[in-house]
A.B. asks: 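First the structure, then my questions, so here it is.
Lettering follows sequence order; numbering is per chain, from 1.
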There are 2 protein chains.
Amino acid sequence: MFSKACKYAINAMIYVATLPEGQERAGLKEISKAVNSPEAFTGKILQELVKHDLLHSVKGPNGGFHIQGDTSKIVLSEIVEAIDGDMLFTGCALGLEKCSEDHPCPVHHKFQAIREHLTGMLMTTSLKDVADRVNIGISFLKY
Amino acid sequence: MFSKACKYAINAMIYVATLPEGQERAGLKEISKAVNSPEAFTGKILQELVKHDLLHSVKGPNGGFHIQGDTSKIVLSEIVEAIDGDMLFTGCALGLEKCSEDHPCPVHHKFQAIREHLTGMLMTTSLKDVADRVNIGISFLKY
DNA sequence: ATATTAAAAGATAAAAATATCCTCTATTTT
DNA sequence: AAAATAGAGGATATTTTTATCTTTTAATAT
Ligand code: FES
Ligand code: FES
């Protein structure tokens with residue numbers, strides 16, 4: 001469904017979102033440990049998220065990553081799109097060059113509903129929504 | 001969502017299912033042309049489908065592939081599982097070692113519904129359902 | 001100012017997925 | 001029986017994804 005890179009990205013963003021407001025930033029090492037992802041690879045992914053303005057980074061001592069602004073303003077679909085692109089949202093499930101009503105693949109009509117369900121969920125679920133669940137201890141970022 | 005191999009597999013199975021009952025089998029060349037997939041790679045995938053008893057093959061002149069029995073008895077989820085395995089149906093969306101209620105990832109509760117929607121659709125959509133759509137010309141296997 | 005810290009950037013490496021090619025085997029036709 | 005056909009199986013190649021390592025750059029602390 002999502003690439004590994006995308007899963008790491010989502011988990012990392014959630015972890016950063018769980019940090020108390022205005023707290024010191026989290027370093028790469030801390031983040032990759034918290035979400036059980038390979039450190040160097042995670043670094044690349046965080047760079048990408050920074051480029052997409054979903055995350056901010058600070059170099060040097062006590063540097064690290066943080067989210068500026070409200071975590072309720074960032075939704076999961078933004079993270080997915082930043083890392084995996086929009087094929088999940090717009091591509092044909094069976095690999096036709098483009099997904100369209102005019103020239104639909106054999107599962108288009110059935111898939112449409114699922115896609116809408118999925119994208120609707122990703123577009124309405126904020127980082128705050130999911131980070132809160134982690135903070136109160138009812139969901140987990142690793143194992 | 002699905003691997004390329006799985007998309008080729010689904011399209012190929014649908015194509016074979018569109019052939020009139022009891023007709024001569026379709027050869028690899030014919031199939032891969034019909035669904036616009038790379039021939040040799042498609043051959044490997046069809047082998048796998050044969051191993052999973054979703055497809056039958058005959059060697060030699062006028063050989064090829066066909067489905068024995070009723071195409072309404074084969075559902076899409078069987079093809080997906082044969083090629084991509086069951087991670088789509090049972091794996092955690094965010095990469096936790098296992099998906100469970102006891103130790104859920106932050107999107108588990110939201111994902112559960114989508115997964116059920118998706119697997120429900122794949123388990124109830126038969127090859128005949130989709131092949132019929134192709135035969136009456138309202139959906140397409142390539143481009 | 002200098003040393004230290006930590007992310008950015010670039011170069012490689014390893015693994016997995018996709019794709020092709022060649023030989024072997026079974027079947028059919030002549 | 002021999003030749004031709006077409007899938008099976010194995011080996012190899014390419015591409016993409018995942019992962020690591022090294023160097024550079026920016027910020028901080030001494
Ligand atoms: S055309 Fe295949 S999903 Fe829309
Ligand atoms: S635990 Fe992640 S989807 Fe169920």
Side-chain angles (χ1 to χ4, degrees), chain A residues 1-13 15-16 24-68 80 82-85 87-88 91 94-95, chain B residues 1-13 15-16 24-68 80 82-85 87-88 91 94-95:
Chain A
M1 184 123 229
F2 304 129
S3 69
K4 280 192 174 192
C6 189
K7 294 175 188 175
Y8 297 152
I10 295 172
N11 281 318
M13 287 294 287
Y15 175 72
V16 175
E24 295 169 82
R25 13 198 174 264
L28 171 59
K29 189 163 299 186
E30 175 184 345
I31 295 171
S32 56
K33 198 160 290 180
V35 307
N36 191 40
S37 63
E39 187 176 321
F41 188 40
T42 304
K44 294 293 180 190
I45 295 162
L46 297 186
Q47 274 183 45
E48 201 62 32
L49 293 170
V50 168
K51 274 181 197 154
H52 281 81
D53 277 318
L54 296 170
L55 194 59
H56 275 258
S57 69
V58 180
K59 285 184 178 181
N62 304 312
F65 299 88
H66 65 112
I67 292 168
Q68 42 179 224
V80 173
I83 304 299
D84 279 351
M87 279 306 106
L88 184 61
L94 294 189
Chain B
M1 186 122 229
F2 304 129
S3 68
K4 282 192 172 191
C6 188
K7 294 175 189 174
Y8 297 151
I10 295 171
N11 281 318
M13 287 293 287
Y15 176 71
V16 175
E24 294 170 83
R25 11 196 176 266
L28 172 58
K29 189 163 296 185
E30 174 183 346
I31 294 172
S32 57
K33 198 160 288 180
V35 306
N36 192 38
S37 62
E39 187 175 320
F41 188 40
T42 303
K44 296 291 181 190
I45 295 161
L46 296 186
Q47 273 183 45
E48 202 62 33
L49 293 170
V50 168
K51 275 181 198 154
H52 281 82
D53 277 318
L54 296 170
L55 194 60
H56 275 257
S57 69
V58 179
K59 285 184 176 179
N62 304 312
F65 299 88
H66 66 112
I67 292 168
Q68 40 179 224
V80 173
I83 304 299
D84 279 352
M87 279 306 107
L88 184 62
L94 293 189

A.B. asks: Kindly say whether, by distance alone, the side chain of B:Lys29 makes a donor-acceptor pair under 3.5 Å with the base of D:dG7?
C.D. replies: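 Check fails, no donor-acceptor contact within cut-off.
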A.B. asks: Can a donor-acceptor pair be found, under 3.5 Å and without considering hydrogens, that links the side chain of B:Asn11 to the backbone of B:Lys7?
C.D. replies: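 Between the backbone of B:Lys7 and the side chain of B:Asn11 there is a qualifying donor-acceptor contact (under 3.5 Å).
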A.B. asks: Can you classify the ring geometry of A:Tyr8 versus A:Phe41 as parallel (below 30°), tilted (30 to 60°) or perpendicular (above 60°)?
C.D. replies: perpendicular
A.B. asks: Please tell me whether A:Ser32 and A:Ser37 have a donor and an acceptor in their side chains that are separated by less than 3.5 angstrom.
C.D. replies: no
A.B. asks: Round to the nearest Å and state the distance from A:Phe41 atom CZ to C:dG10 atom C1'.
C.D. replies: 16 Å
A.B. asks: Tell whether A:Lys44 reaches the base of C:dG10 with its side chain through a donor-acceptor pair below 3.5 angstrom.
C.D. replies: yes
A.B. asks: Could you check how far NZ of A:Lys59 sits from P of D:dA27, rounded to whole Å?
C.D. replies: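 Those two atoms, NZ and P, are 7 Å apart.
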A.B. asks: For B:Tyr8 and C:dA17, what is the distance between atoms OH and C1' respectively, to the nearest whole Å?
C.D. replies: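 Whole-Å distance recorded here is 11 Å.
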A.B. asks: Within the structure shown, what part of the strands sits under 4.0 Å from B:Gly43 by heavy-atom distance: base, sugar-phosphate, or nothing?
C.D. replies: nothing
A.B. asks: Donor-acceptor pair under 3.5 Å: do we get one between B:Gln47's side chain and the base of D:dG7?
C.D. replies: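 In this structure, the two groups form no donor-acceptor pair.
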A.B. asks: Please report the distance, rounded to the nearest Å, between CG in A:Leu28 and C1' in D:dT22.
C.D. replies: 15 Å
A.B. asks: For A:Asn62 and D:dA29, is the shortest distance between a side-chain N/O and OP1 or OP2 below 4.0 Å?
C.D. replies: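 So the side chain of A:Asn62 is within the cut-off, an N or O lying under 4.0 Å from OP1 or OP2 of D:dA29.
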A.B. asks: Rounding to an integer number of Å, can you tell me how far B:Lys51 NZ sits from D:dG7 P?
C.D. replies: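 Those two atoms, NZ and P, are 16 Å apart.
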A.B. asks: At their closest point, which heavy atom of B:His66 faces which heavy atom of B:Leu55, and how far apart are they?
C.D. replies: O-CD1, 3.6 Å
A.B. asks: Quick one: B:Ile45 CD1 to D:dA8 P, roughly how many Å, whole number?
C.D. replies: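 Result: 13 Å.
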A.B. asks: Could you state the CD-C1' distance from A:Glu39 to C:dA6, rounded to the nearest angstrom?
C.D. replies: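 Answer to the nearest Å: 11 Å.
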A.B. asks: Name the residue closer to the 5' end of DNA chain C, choosing between B:Asp84 and B:Arg25 according to the nucleotide with the nearest heavy atom.
C.D. replies: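 This one resolves to B:Asp84.
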A.B. asks: Start at the 5' end of DNA chain D and walk down; is the nucleotide closest to A:Pro61 or to A:Cys6 reached first?
C.D. replies: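 Between the two, 5'-proximity favours A:Cys6.
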A.B. asks: In this structure, how many angstroms lie between the C1' atom of C:dA15 and the NZ atom of A:Lys4, rounded?
C.D. replies: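 So the two atoms are 9 Å apart, to the nearest Å.
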A.B. asks: Where the side chain of A:Arg25 meets the backbone of A:Asn62, is there a donor-acceptor pair that is under 3.5 Å apart?
C.D. replies: yes
A.B. asks: Go through D:dA27, C:dA7, C:dC21 for me and flag the one nearest to the A:Ser57 side chain.
C.D. replies: C:dA7
